[in-house]
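Written below as structure tokens is the structure these notes are about.
Residue numbers count from 1 along this sequence.
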Amino acid sequence: MIKNTNNSPSLFSSLSDMLDQSHPLYRLADKIDWGKFETAFQPLYCQDNGRPGKPIRLMCGLLILKHLRNLSDEFLVEQWSENAYCQYFCGMQDFTPSVPCASSELVHFRKRIGEAGIELIFQESIRVNNEDDDDHHHDTAFIDSTVQEKNITYPTDAKLHKKIVKKVLGIVKKHGLPLRQSYTFVLKAICRDQRFRNHPKNRQKALKADRRLRTIAGRLVRELKRNLKENHDYDKQLDLFETVLSQKRNSRKKIYSLHEPEVQCISKGKEHKKYEFGNKVSVIRSVTGIILGAMSFRNEYDGHAIESALEQVERLTGRKINVLAGDRGYRGRKEINGTKIILPDVPKKSDSRYQKLKKQKLFCKRAGIEPTIGHLKSDYRSGRNFYKGVVGDTVNVLLAAAAYNFKRAMKALWCMLQKICEIMRQNNISQKLAF
């Protein structure tokens, strides 16, 4: 009979004994200052009333893991119960096969800590990366802007009018209000007429159906307003419906979504995607690849967002950027609060060959911010924003930038460990040869 000589820890051992301590997520968990979150978020909880809340480290760890692994709230809590490294990262001492919390509790926690709390997590991701850097780490940085798309369908007038009709009929059914006509069969015929509108023979029929649908939506909204009278909580919603029904093709401040009325239509100017619906995002990246600033704004000119972005970097890092390089979309400012703004331009006649090569090298390095933005969109949930409202725009970009920085720290820790192992292996070989 073969004896079992395996002395590895069992499933009932503590996670610190059971897991591989060289795993990047394990090492990152020991590097983050979790006490900072405990101190900042503890006053947000009531100490003597209500059900005790979940541990702060657990909730902060779940927020980081959500964007680090590119998971939804529902799938995150499911994966957490299966992954021992994720549990150790969130502060668990023993393996727990059950879910840590309901997925909706992550929504409540994000609302509880607000933008300031999310910014604190982002600040910690910067500190983890530049612990071993020198004082000149932030001398030069690069800035660029992109569009963070909202989770809405491509907006058309017909889609918005259909949604208005559906919402009005839902309110009528909920309160049992009288209704002269529900237009059930008429709407089915209108939807059939709206199909294949790009065919020349169907164009006029589709446009006529659009006008008919708009008329029906207006009738239902006016009738609902009459039946509700004055004692109701739908004033804001009815005003939104009327704004959508009254807006024209060239109207200013158009509404493109009923559940996200703050969405902006941003012209991308590229052949594959001419317009994007969401908000703009400004990203500042250091020379070494750390994201120092990530800020959300609506649809302002890029150059007007530089000052706010630099203030955010100085607030989070305590250091001022001396040179900021951007593209031609930031024209208009040469210096802001002591920070020099450099844009690509025709070289001066007075520049020496060394100065020309130095500028060229700087702007070639500035192009490295483009793949950084690509990773934020494809890997860290910034490509499509599922969080609601203007606050959700800010929260999503900050968590995506924090996840990018934490991932960079994990790679740096792994590379450092590989170098140490290589040095130890070479020392062992040299000792054997000497023997």
Check: Taking 4.0 angstrom as the limit, do Asp144 and Arg285 come out as a salt bridge?
Finding: no
Checklist line | Carboxylate-amine/guanidinium proximity below 4.0 Å for Arg197 and Asp210 | finding: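 Judged by the 4.0 Å cut-off on N to carboxylate O distance, Arg197 and Asp210 do form a salt bridge.
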Gap between atom [atom2] of [Y] and atom [atom1] of [X] - 0.5 Å precision:
| X | Y | atom1 | atom2 | value |
| --- | --- | --- | --- | --- |
| Ile306 | Glu335 | CD1 | CD | 12.0 Å |
| Cys265 | Lys253 | SG | NZ | 15.5 Å |
| Leu376 | Ile291 | CG | CD1 | 4.0 Å |
| Lys159 | Leu258 | NZ | CG | 12.5 Å |
| Met295 | Ser145 | CE | OG | 10.5 Å |
| Ile56 | Gln42 | CD1 | CD | 4.5 Å |

Does [X] reach the side chain of [Y], with side-chain heavy atoms less than 4.5 Å apart?
| X | Y | result |
| --- | --- | --- |
| Ile255 | Leu160 | no |
| Leu399 | Lys66 | no |
| Phe406 | Ile32 | yes |
| Ile284 | Ile321 | yes |
| Leu58 | Cys101 | no |
| Arg214 | Asp157 | no |
| Gln247 | Tyr256 | no |
| His232 | Leu238 | yes |

Notebook entry, point to check: Do Asn322 and Asp139 get their side chains close enough for a donor-acceptor pair, meaning under 3.5 Å?
Noted result: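 Their side chains do contain a donor-acceptor pair, which is all the 3.5 Å distance test asks for.
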Notebook entry, point to check: Are Asp20 and Ser22 close enough that a side-chain donor and a side-chain acceptor fall under 3.5 Å?
Noted result: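 Ser22 and Asp20 do have a side-chain donor-acceptor pair below 3.5 Å.
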For a quick test of reading the model, state the closest non-hydrogen atom pair linking [X] to [Y] and the distance between them.
| X | Y | result |
| --- | --- | --- |
| Asn129 | Ser125 | ND2-O, 2.8 Å |
| Cys60 | Phe109 | SG-CZ, 3.9 Å |
| Leu25 | Cys86 | CD2-N, 4.1 Å |
| Lys31 | Val128 | CE-O, 3.5 Å |
| Asp33 | Arg127 | N-NH2, 3.7 Å |
| Arg328 | Arg331 | O-NE, 2.8 Å |

Item checked: Ring centers of Phe89, Trp34 separated by less than 6.0 Å ->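 For Phe89 and Trp34, the ring centres are under 6.0 Å apart.
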Note to self: I'd like to know whether Cys191 forms a side-chain contact (heavy atoms from CB on, under 4.5 Å) with Lys162, so could you lay out the CA-CA distance, the side-chain angles of the two residues, the decisive distance to 0.1 Å, and finally the verdict.
What the structure shows: CA-CA 9 Å; Cys191 291; Lys162 286 179 185 176; 3.7 Å; yes
Is the backbone of [Y] close enough, under 3.5 Å, to the side chain of [X] for a donor and an acceptor to pair up by distance?
| X | Y | result |
| --- | --- | --- |
| Gln237 | Tyr234 | no |
| Glu300 | Ala305 | no |
| Lys54 | Leu106 | no |
| Lys365 | Phe142 | no |
| Tyr404 | Ile290 | no |

Next item on the list: Determine, stepwise, if the pair Trp80 / Val99 fulfils side-chain contact (heavy atoms from CB on, under 4.5 Å).
Entry: CA-CA 7 Å; Trp80 188 92; Val99 295; over 6 Å; no
Item checked: Trace of the side-chain contact (heavy atoms from CB on, under 4.5 Å) decision for His304 with Phe297 -> CA-CA 10 Å; His304 295 163; Phe297 55 102; over 6 Å; no
Are there over 12 heavy-atom neighbours, none belonging to [X], within less than 6.0 Å of that residue's [atom1]?
| X | atom1 | value |
| --- | --- | --- |
| Gln93 | CD | no |
| Gln360 | CD | no |
| Lys173 | NZ | no |
| Tyr45 | OH | yes |
| Lys280 | NZ | yes |
| Lys225 | NZ | no |

Margin query: Can you pull out every ring-ring contact (aromatic ring centres under 6.0 Å, His included) where at least one residue sits in residues 143-170? Sequence neighbours excluded, please.
Written below: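 Non-adjacent pairs meeting ring-ring contact (aromatic ring centres under 6.0 Å, His included): Tyr154-Phe277.
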Next item on the list: Show your working on side-chain contact (heavy atoms from CB on, under 4.5 Å) between Ile342 and Phe363 and close with a plain yes or no.
Entry: CA-CA 9 Å; Ile342 300 179; Phe363 289 112; 3.3 Å; yes
With a cut-off of 3.5 Å and sequence neighbours excluded, list every side-chain donor-acceptor pair involving residues 388-398.
from: Lys388; atom 1: NZ; to: His259; atom 2: O; distance (Å): 2.5
from: Asp393; atom 1: OD1; to: Lys150; atom 2: NZ; distance (Å): 2.6
from: Asp393; atom 1: OD1; to: Asn385; atom 2: ND2; distance (Å): 2.7
from: Asp393; atom 1: OD2; to: Arg298; atom 2: NH1; distance (Å): 2.8
from: Asn396; atom 1: ND2; to: Gln148; atom 2: OE1; distance (Å): 2.7
from: Asn396; atom 1: ND2; to: Arg381; atom 2: O; distance (Å): 3.0

Check: Taking Leu292 as the fixed residue, which of Leu316, Leu310, Val313 is the one that meets the side chain to side chain contact (heavy atoms under 4.5 Å, CB included) rule?
Finding: Val313
Item checked: Asp73 and its side chain to side chain contact (heavy atoms under 4.5 Å, CB included) partner, picked from Glu105, Arg110, Glu78 ->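 Considering Glu105, Arg110, Glu78, a side chain to side chain contact (heavy atoms under 4.5 Å, CB included) with Asp73 is found only for Arg110.
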